[in-house]
Undergrad: 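Could you have a look at this structure, given as structure tokens, before my questions?
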Protein chains: 2
Amino acid sequence: MRTAAQPEAIEDYDMKTISLERSYGGTQGVYAHRSDTCNCDMTFAVYLPPQAQERPCPVVWYLSGLTCTHANVMEKGEYRRAAALLGLIVVCPDTGPRGDDVPDDPGNWQFGSGAGFYLDATCPPFDVNYRMYSYVSEELPHLIASEFPADMDRQGVFGHSMGGHGAITLALKHPDRFRSCSAFAPIARPTVAGWSRPAFERYLGTDEGAWRQYDSCALIEDGFRFPELLVDQGAADAFLEDGLRPSELQRACEQAGIRLNLRMQEGYGHSYYFISTFMEDHLKRHPERFNR
Amino acid sequence: MRTAAQPEAIEDYDMKTISLERSYGGTQGVYAHRSDTCNCDMTFAVYLPPQAQERPCPVVWYLSGLTCTHANVMEKGEYRRAAALLGLIVVCPDTGPRGDDVPDDPGNWQFGSGAGFYLDATCPPFDVNYRMYSYVSEELPHLIASEFPADMDRQGVFGHSMGGHGAITLALKHPDRFRSCSAFAPIARPTVAGWSRPAFERYLGTDEGAWRQYDSCALIEDGFRFPELLVDQGAADAFLEDGLRPSELQRACEQAGIRLNLRMQEGYGHSYYFISTFMEDHLKRHPERFNR
């Protein structure tokens, strides 16, 4: 089995600890490092459960949505109680490159910093920094494997909205690395949804064929597979019809034979009140798949 | 038994709903109303558990610390999971009056808006608005009893830091109303602690005898009683020695025969990472006392 996240050589990640807080018997840390992939300093959060003092622990990656940093889910996601019980490391990356030298579109929350869409931009000037696919699939996993007591043979990935898109596309492209994948209200068809099409064009250019590698539905249509997906979707989510399109994911999974457990949650919206409600259930389901 | 929080007459509270979010099967709401006590608009949060759709539910009041609004614990306190399981309404008031017409001391986080100390100021100009003791002990309970499916015969109170001070002083003065009381890192001796003495002088004047009614240790020394208190205190809390002084609360309780369960929690600080870790345990202990 491929374990892409093992470091190939000893590297100096120049990682700084920003803060450390005891929580549920473990440690919630915030760290920063110089990213060679994104050509800027990047910040991320890692929760180490109590069990990590004794042995390497499985890793669950949480990818956040538009406008978020590492901090939103760290403060509002309510993942630490379950992670401590289950012995899971939870890694929460930022959602895009940031800094004075990073091109941005201030005032546009659907593009630029906070809207990296977990893709590698190919169009100048964004191709220098907006390389979040490589960042979350290569550079940050190498750092985590090197710097934390992480069992990189047992990894899961989940996320919310843009981060749900990130989680499913990552799992589809790395089924050998991720044993489990789930999502809260993922952007299932970002190449079509109104809030992501303009971003894809600016990051990737007008050749829509190049967009398909960053679209869950398109990846499935193009033959990528993952054994099982859990998706919770708020039925009162204002972005349901255009932005999220869970029915298109359902159709793609049905045609591909992918087991999709799509749960429409009555009354729930798109916020962290929705995410936190179902956080524990998601975290419990990831380790169930780690030993299969 | 006195049930001070029952409304004496039908009143128009002019309450507005600011937001409503489904969470853990219940509803997290934020509301605003014109406060006759504080002479300004006040905002507060109420979590209604799923059980509140069927019957009146017990109420647990959470009083927040310096610099907080209703929102800090609502976002970071992680109380809804346990409240939903236990069928508890959780009410989270603001920590002081706010608005353009409210005298404040901008830049001073230990006085003014966000630092009401749950007392009724007697010194101009603060005596017009800074009446948080009357607000949380009279006006807001009347509103809650009138507008929500609340079982006001079963109430508990808890809080953090300045709000732990508020919770314990409120319980000591209303043992007939509150059946349970607990605190995270309460300011046990605010008349002496460096961060509250200057505020008490500006709110209440130089006669320190008048301060004692808003000091947990002094109230106990002066004969006020509550059967049982639970206090969690982070052992790594930077405010431990001067600001919080749990050992003085311990001494006062010992001398008065009050059962104090003071738990020093190794490694924990003063933040919501500490509060959220022990939130569930506190919420479980409150209803254990409701039916005694």
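The chains referred to below are lettered A, B, ... by the order of the sequence lines, with proteins before strands, and numbering in each begins at 1. Quick caveat, the model's predicted, so the values are computed rather than measured.
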Undergrad: Heavy-atom distances under 4.5 Å only: say whether A:Thr27 touches chain B with side chain, backbone, both or neither.
TA: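 Answer is neither: A:Thr27 stays 4.5 Å or more from chain B.
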Undergrad: Enter the distance from A:His286:NE2 to A:Phe158:CZ here, rounded to the nearest 0.5 Å.
TA: 5.5 Å
Undergrad: Classify the ring geometry between A:His165 and A:Tyr118 as parallel (under 30°), tilted (30 to 60°) or perpendicular (over 60°).
TA: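 Geometry flag for A:Tyr118 against A:His165: tilted rings.
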Undergrad: Between CZ of B:Arg80 and CG of B:Leu88, what distance do you get to the nearest 0.5 Å?
TA: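 If I round to the nearest 0.5 Å, the distance is 14.0 Å.
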Undergrad: May I ask you to decide if A:Leu283's main-chain N or O and A:Tyr79's side chain share a donor-acceptor pair within less than 3.5 Å?
TA: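 Absent.
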Undergrad: When only pairs under 4.5 Å are counted, which of B:Met74, B:Glu78, B:Glu21 shares the most heavy-atom pairs with chain A?
TA: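 Going by pairs under 4.5 Å, I would pick B:Glu78.
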Undergrad: If you define the side chain from C-beta out and look only at heavy atoms, does anything of A:Trp195 sit under 4.5 Å from A:Ile187?
TA: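 With C-beta onward as the side chain, the pair touches.
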Undergrad: Residue by residue, which of residues 229-246 of chain A have a heavy atom closer than 4.5 Å to a heavy atom belonging to chain B?
TA: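 Near chain B, by residue number: none.
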Undergrad: Please classify the contact of A:Gln28 with chain B as side chain, backbone, both or neither, using a heavy-atom distance under 4.5 Å.
TA: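 Contact with chain B: side chain only.
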Undergrad: Strictly distance-based, threshold 3.5 Å: is any side-chain N or O of B:Asp94 a donor or acceptor partner for the main-chain N or O of B:Phe44?
TA: no
Undergrad: If contact means a heavy atom pair closer than 4.5 Å, which residues of residues 46-71 of chain A contact chain B?
TA: none
Undergrad: Roughly how far apart are A:Arg285 CZ and A:Glu228 CD, rounded to 0.5 Å?
TA: 8.5 Å
Undergrad: Could you grab the distance from atom CE of B:Met152 to atom CZ of B:Arg154, nearest 0.5 Å is fine?
TA: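 The CZ atom of B:Arg154 is 12.5 Å from CE of B:Met152, to the nearest 0.5 Å.
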Undergrad: Hey, could you give me the CD1/CG distance between B:Ile168 and B:Leu260, rounded to the nearest 0.5 Å?
TA: 7.5 Å
Undergrad: When only heavy atoms count and the cut-off is under 4.5 Å, which of residues 261-272 of chain B reach chain A?
TA: B:Glu266, B:Gly267, B:Tyr268, B:Ser271
Undergrad: Report the distance from atom CZ of A:Phe274 to atom OG of A:Ser161, rounding to the nearest 0.5 Å.
TA: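 Output value for this atom pair is 10.0 Å.
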Undergrad: Check the pair A:Asp41 / A:Arg34 against salt bridge (Lys or Arg N to Asp or Glu O under 4.0 Å), numbers first and verdict last.
TA: CA-CA 4 Å; A:Asp41 291 339; A:Arg34 179 72 195 176; 3.7 Å; yes
Undergrad: Could you check whether B:Tyr31 and B:Phe148 have their ring centres less than 6.0 Å apart?
TA: yes
Undergrad: Test of understanding: with salt bridge (Lys or Arg N to Asp or Glu O under 4.0 Å), list the residues that count as partners of B:Arg81, not counting sequence neighbours.
TA: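 Partners of B:Arg81 by the salt bridge (Lys or Arg N to Asp or Glu O under 4.0 Å) criterion, ordered by chain and then number, come out as A:Glu280, B:Glu280.
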Undergrad: Is a donor on one side and an acceptor on the other found under 3.5 Å between the side chain of A:Arg289 and the backbone of A:Ser180?
TA: no
